[in-house]
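Here is the structure we will look at.
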Amino acid sequence: MSEEKSAVFIIFGASGDLAHRKLYPALFRLYKSGYLKDHFAVIGTARRPWTDDYFRETIEESLNNEIKNINSNDISEFVKHFFYMSHDVNDAAHYIALKELAASLDDQFETNSNRVYYMAIAPRFFGTVAEHINSEGLKTEGFNRLVIEKPFGRDYASAEELNNDISQAFTEEEIYRIDHYLGKKMVQEIANIREKNTTFEKILNNKYVSNIQVTLAESLGVEERGGYYETSGVLRDMVQNHIMQIIGSLAVDHPEIKKDSEVHELKNELFASLKILTPETVDDNFIRGQYDTDEKGQMKAYRQEDNVDPNSNIDTYAAGKMEFAIDRWENVPFYVRSGKRLVDKSSRIDIVFNDKVTEFGIDANTVVTLYIEPSEGSNIQVNGKDYLEGDQNLIKFPEQADYFDNAREAYESLIIDILSGNKVNFTFWNELQSTWKYIDVIRQKWDSEEPDFPNYLSMTRGPALSDLLLAQDNNKWVW
Ligand code: NAP
């Protein structure tokens, strides 16, 4: 049985989409696996005037929707730990009531005064909530951990302002910034793969790697999130955070290092070495796109989606070349791309080796692919064909063939880390500073010019410009 954890969770935005689709199912799975058992309680807060009973009914409904073959007795026992308090984040008096309820649940469930404050609300409220937690004295003598969802700012300046706001109430040690890609099993596994496969680790550097490609492709459009997307675009929504963090997991030196502060030092070093573009070099290194209808004219173009400006210039596709001024990766292009309404949903890393790998008995131009989702795994290709003859001994997964089958869902794994005080899989402020500074130059250049949108059909691989980006270096996308 797993080691039981104790805490009172205070969820801001408890009636929302993220809480119902991700957090309650994750908490339920932790309850089933014994991480949460007798010593936890959850206070849900939002403005609407729900009762505890109604709140529990909504949780039951979301568990039934999200989890197969669920036992109704387990649900009934689980929801007894949930309480609701109507609360407006701007009203100081509400925080006093919240503090009293948390203290009484602390006594009832013996949670050692531990608190997890979870921001499942709009980013504009993050600073306000953190300030009130501090000013109304909600913090206790147990642990006090603040969990922040993305987006963390919309550029360097707003991210810094937000960080200053929350830092008045919480230390960096107490802040857990979620990037849910860091909760995904394959991303977490990269360090182990490198550590355990010595040949792979030996050739993972600029002597043997021709280029690295990170793709986060989505087949869905913006669905009902057009309003949010209009303020974001794919560069902010996927590149600044998820793609950067995937690169961070793959490209740091010393995969054997596991201590969170040391892992972050390595990542910080890597991101600080990003070669920042200039307004003059942006176009040679980054391209953008926006989806049109599909070939048959049946799907909505981005500009026809709900809550989207019919003349919107927001990017739903971005591809670019990043470079790092760090010994291991000097002169190796990291090609990245992400887009909506592409032909498939696929998150993957393709590592393209050059011809020097023959020193290790590996075929020239071998490609190693790590699949992140929809399913995890790896593949080795030579000249575009799956490598079938024998074993190149490049990658072996640590355990049995079904290693990934029982992988925890990202939120479940991240909540265990939060309760255990393990910060390896969260982003630190200094990393964000570097990545925002890098993204800001591209964003500012793009915002200053009118793009020729829409420029790719739905259910394709995105704009042709994306292929040209690699062709100028005599390279090609693997996927
Ligand atoms: P949502 O469905 O709109 O939920 C927002 C929640 O905030 C609701 O519970 C709402 O309840 C509450 N709220 C709004 N104004 C409030 C106020 N003044 N005082 C107190 N509560 C207030 O949003 P969401 O999709 O769950 O997203 C929440 C956060 O997670 C956002 O930061 C988002 O960027 C992030 N995120 C979401 C997803 C996702 O898949 N949904 C993924 C990644 C990140 P009332 O209206 O009753 O007050």
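Since we're looking at a predicted model, the values are computed, not measured. Atoms within each ligand, like the ligands themselves, are counted from 1 in listed order.
- Partners of Tyr95 under the ring-ring contact (aromatic ring centres under 6.0 Å, His included) rule, at least two apart in sequence or in another chain, are His87, His132.
- Residue Tyr411 places no N or O, backbone or side chain, under 3.5 Å from any N or O of ligand 1.
- Taking the six-membered ring where tryptophan is involved, the planes of Trp50 and Tyr54 are perpendicular, since the angle between them exceeds 60° and thus also 30°.
- At a heavy-atom distance under 4.0 Å, only side-chain atoms of Phe126, from C-beta outward, approach ligand 1.
- Residue Lys150 places at least one N or O, backbone or side chain, under 3.5 Å from an N or O of ligand 1.
- Salt bridge Lys340/Glu218: present, at least one basic N to carboxylate O contact under 4.0 Å.
- Set against the non-hydrogen atoms of Pro151, the atoms of ligand 1 under 4.0 Å away are 34 (O).
- Atom 40 (O) of ligand 1 lies below 4.0 Å from at least one non-hydrogen atom of the protein.
- The salt bridge (charged side-chain N to carboxylate O under 4.0 Å, His left out) contacts involving residues 17-27 comprise Asp17-Arg21, Lys22-Glu409, where partners must be two or more places apart or lie in separate chains.
- For Ala120, no nitrogen or oxygen atom sits less than 3.5 Å from a nitrogen or oxygen atom of ligand 1, counting backbone and side chain alike.
- The shortest N or O to N or O distance between Met119 and ligand 1 is not under 3.5 Å.
- Within 6.0 Å of the CD atom in Glu4, the count of heavy atoms belonging to other residues, nucleotides or ligands exceeds 12.
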